[in-house]
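Note that the coordinates shown come from a computational prediction; the quantities given were computed from them, not determined experimentally.
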Amino acid sequence: MKKGVIFSGMRPTGPVHLGNLEGALRSWVTLQDEYELYCGIVDLHALTTDHEDTSELAARVRQMAVDFISAGIDPELSTILVQSHVREHAELHLLLSMITPVGWLERVPTYKEKVDDLHGAAPGYGLLGYPVLMASDILLYRSDTVPVGQDQLPHLELTREIARRFNYLYGEVFSEPAAKVTKHAVLPGLDGRKMSKSYDNLIYIAEDPESIRAKVKGMFTDPSRAYRTDPGHPDICPVFTYHSIYTATDVTREIEQECKGAQIGCVECKEKLAQSIIAALAPIRERRQEIEARPGLVDEILHEGAERARRVARSTMALVREAMKLPQEKTTARE
């Protein structure tokens, strides 16, 4: 017996990287055994910032599906779907946008951050309204649980407010999804800045070992450690942050002490990290090879996922339309 229903999604703006893996995918893989899990490749959300050039969007959607499966999402346990394949996402977004005050959207903490990412370009309506689309994604499957980090709680509260307002206006249709606060591992970029595709400071889960070694070799380290003989400060070193996630605990403690005592240099420390990351990603690489050896498998999984998702989505929209007293289409029998 499943505990409840979860929808969680990821924007296909590029291949899945270690930040995505540790920040979301790991928890999805664990949750799929306990919950009815809908894993969305949210391509409509990708258009909020990447709408000018969509030539790679279809390929990125497919790549993300492969990444999901290779990371451990089981299509037998979870529903993997492409957001735009289920048109009810857009329909519910439109209806919920009618009842959502603009002020609610302008106070979303990440709105200004996303506007800044446009580098001077004017934000579109879709960017302002993306939290409504996010709420629609969650509510469409009547999700009662949402896995979030502590910093994402304001986003979920907006979804709860929208559900509450809809129920007040039209009657009880949606439950207010509860937060399942998860402790996501937060990885810095390889250069110590925020991890970002635009900075090209990340490692993708599909990268080959040689590429991983090259990227780790170029990682920024403790800025205060100018010489090999200087004692290090692991707490401010991006390399050590990665060790704490990918290297065995006893080895990590040993590295920490050796770094503080200047008994290990940054070059050796990075070599150890590269080996740890490569070993951690080995099962994912193996599953990817199995998937890519079966042409048509991904298309089949996405088709089945869309069919499953549509059945639930249509049921939800029937309740929404009835609650809002929208006119039903009349059919005339032909003689």
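Partner M219 forms a side-chain contact (heavy atoms from CB on, under 4.5 Å) with one of D191, L273, N201 and no other, that one being L273.
Considering all non-hydrogen atoms of both residues, P147 and I6 come closest at CD-CG2, 3.5 Å. Contact between L158 and P131 at its shortest, heavy atoms only, is CD2-CB, 3.3 Å. Of all heavy-atom pairs between V61 and I41, the closest is O-CD1, 3.7 Å. Between T79 and G305, the closest heavy-atom pair is CG2-O, 3.3 Å. Closest approach of A279 to P283, counting heavy atoms only: O-CD, 3.7 Å. Nearest heavy-atom pair, L127 versus Y130, reported as atom, atom and distance to 0.1 Å: O-CD2, 2.9 Å.
With no hydrogens or angles considered, a side-chain donor-acceptor pair links H89 and Y141 at under 3.5 Å. Counted by atom type alone, Y242 and E22 present zero donor-acceptor pairs between their side chains at under 3.5 Å.
To the nearest 0.5 angstrom, E268 atom CD is 8.5 Å from I255 atom CD1. Taken to the nearest 0.5 Å, the SG atom of C266 stands 7.0 Å off from the CG atom of D222. We find the NZ-CD distance between K215 and E207 to be 3.5 Å, quoted to the nearest 0.5 Å. Taking CD1 from I69 and CD1 from I301, the interatomic distance works out to 3.5 Å, rounded to the nearest 0.5 Å. For the atom pair NE2 of H85 and NE2 of H303, the computed distance is 11.0 Å after rounding to the nearest 0.5 Å. Taken to the nearest 0.5 Å, the CD1 atom of I73 stands 5.0 Å off from the OG atom of S78.
Taking the charged nitrogens against the carboxylate oxygens, R287 and E290 have no contact shorter than 4.0 Å, which rules out a salt bridge. One finds a salt bridge joining E91 and R321 here, because a Lys/Arg side-chain nitrogen approaches an Asp/Glu carboxylate oxygen to under 4.0 Å. Contact check on K3 versus D144 returns no salt bridge, with no Lys/Arg side-chain nitrogen under 4.0 Å from an Asp/Glu carboxylate oxygen. Salt-bridge annotation for E157 and R160: present, with a side-chain N of the basic residue lying under 4.0 Å from a carboxylate O of the acidic one.
For the pair Q83 (side chain) and D137 (backbone), a donor-acceptor distance under 3.5 Å is absent. Between the side chain of S136 and the backbone N or O of H93 there is at least one donor-acceptor pair closer than 3.5 Å. Using a distance-only test at 3.5 Å, with no hydrogens or angles considered, a donor-acceptor pair links the side chain of Q328 to the main chain of L326. Looking at K2, its side chain does come within 3.5 Å of a backbone N or O of Q32 through a donor-acceptor pair. In this structure, the side chain of T252 engages the main chain of T247 through a donor-acceptor pair within 3.5 Å. Remark: side-chain polar atoms of N20 are paired, donor with acceptor, to backbone N or O of H17 under 3.5 angstrom. At distances below 3.5 Å, not a single donor-acceptor pair connects side-chain atoms of K270 with backbone N or O atoms of V239. The backbone N or O of I138 sits less than 3.5 Å from a side-chain atom of S143, completing a donor-acceptor pair. T54 places no side-chain N or O within donor-acceptor distance of the main-chain N or O of H51, the cut-off being under 3.5 Å. Without hydrogens or angle criteria, R288 side chain to A206 main chain gives no donor-acceptor distance under 3.5 Å.
Residues M10 and W28 form a side-chain contact, since some pair of their non-hydrogen atoms from C-beta on lies under 4.5 Å apart. Residues H233 and S224 are in side-chain contact: their nearest non-hydrogen atoms beyond the backbone lie under 4.5 Å apart. T159 has its side chain out of reach of F174: every pair of non-hydrogen atoms, C-beta onward, lies at least 4.5 Å apart. Counting heavy atoms from C-beta on, the side chains of L319 and R142 come closer than 4.5 Å. Within the 4.5 Å cutoff, side-chain heavy atoms of R285 are placed close to those of I278. Residues L18 and I245 form no side-chain contact, since every pair of their non-hydrogen atoms from C-beta on lies 4.5 Å or further apart. When side chains are defined from C-beta on, P12 counts as touching L57, because their heavy atoms get closer than 4.5 Å. Here the side chains of K260 and P234 are in contact, with some heavy-atom distance below 4.5 Å.
The local environment of CZ in R164 is crowded, with over 12 non-hydrogen atoms from other residues, nucleotides or ligands closer than 6.0 Å. Shown here is E322, whose CD atom has no more than 12 heavy atoms of other residues, nucleotides or ligands within 6.0 Å. Within 6.0 Å of the NZ atom in K217, the count of heavy atoms belonging to other residues, nucleotides or ligands does not exceed 12.
V312 and F166 fall within the same hydrophobic cluster, where Ile, Leu, Val, Met, Phe, Trp and Tyr residues are linked whenever their side-chain heavy atoms come under 4.5 Å apart, directly or through other members. The hydrophobic cluster containing V42 does not contain V66, counting ILVMFWY residues as joined when their side-chain heavy atoms lie under 4.5 angstrom apart, directly or transitively. Connection of I212 to Y199 is not established within any shared hydrophobic cluster, with ILVMFWY side chains joined at heavy-atom distances below 4.5 Å, either directly or through further cluster members. L169 and W104 fall within the same hydrophobic cluster, where Ile, Leu, Val, Met, Phe, Trp and Tyr residues are linked whenever their side-chain heavy atoms come under 4.5 Å apart, directly or through other members. V186 and M195 are assigned to two separate hydrophobic clusters, defined by single-linkage of ILVMFWY side chains at heavy-atom distances under 4.5 Å.
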* To do: Please assess L21 against I284 for the test side-chain contact (heavy atoms from CB on, under 4.5 Å), listing each intermediate value before the final yes or no.
  => CA-CA 11 Å; L21 179 65; I284 295 176; 4.2 Å; yes

* To do: Mind running salt bridge (Lys or Arg N to Asp or Glu O under 4.0 Å) on E256 and R253 for me, showing each step along the way?
  => CA-CA 5 Å; E256 180 179 19; R253 291 198 189 103; over 6 Å; no

* Asked: Is there a side-chain contact (heavy atoms from CB on, under 4.5 Å) between V146 and Q152 once you walk through the steps?
  -> CA-CA 10 Å; V146 179; Q152 297 169 314; over 6 Å; no

* How far apart are the C-alpha atoms of H155 and V148, what are their side-chain angles, what is the distance that settles it, and do they pass the side-chain contact (heavy atoms from CB on, under 4.5 Å) test? -> CA-CA 9 Å; H155 295 80; V148 293; over 6 Å; no

* **Steps toward side-chain contact (heavy atoms from CB on, under 4.5 Å) verdict (V320, M317)** => CA-CA 5 Å; V320 169; M317 290 311 302; 4.1 Å; yes

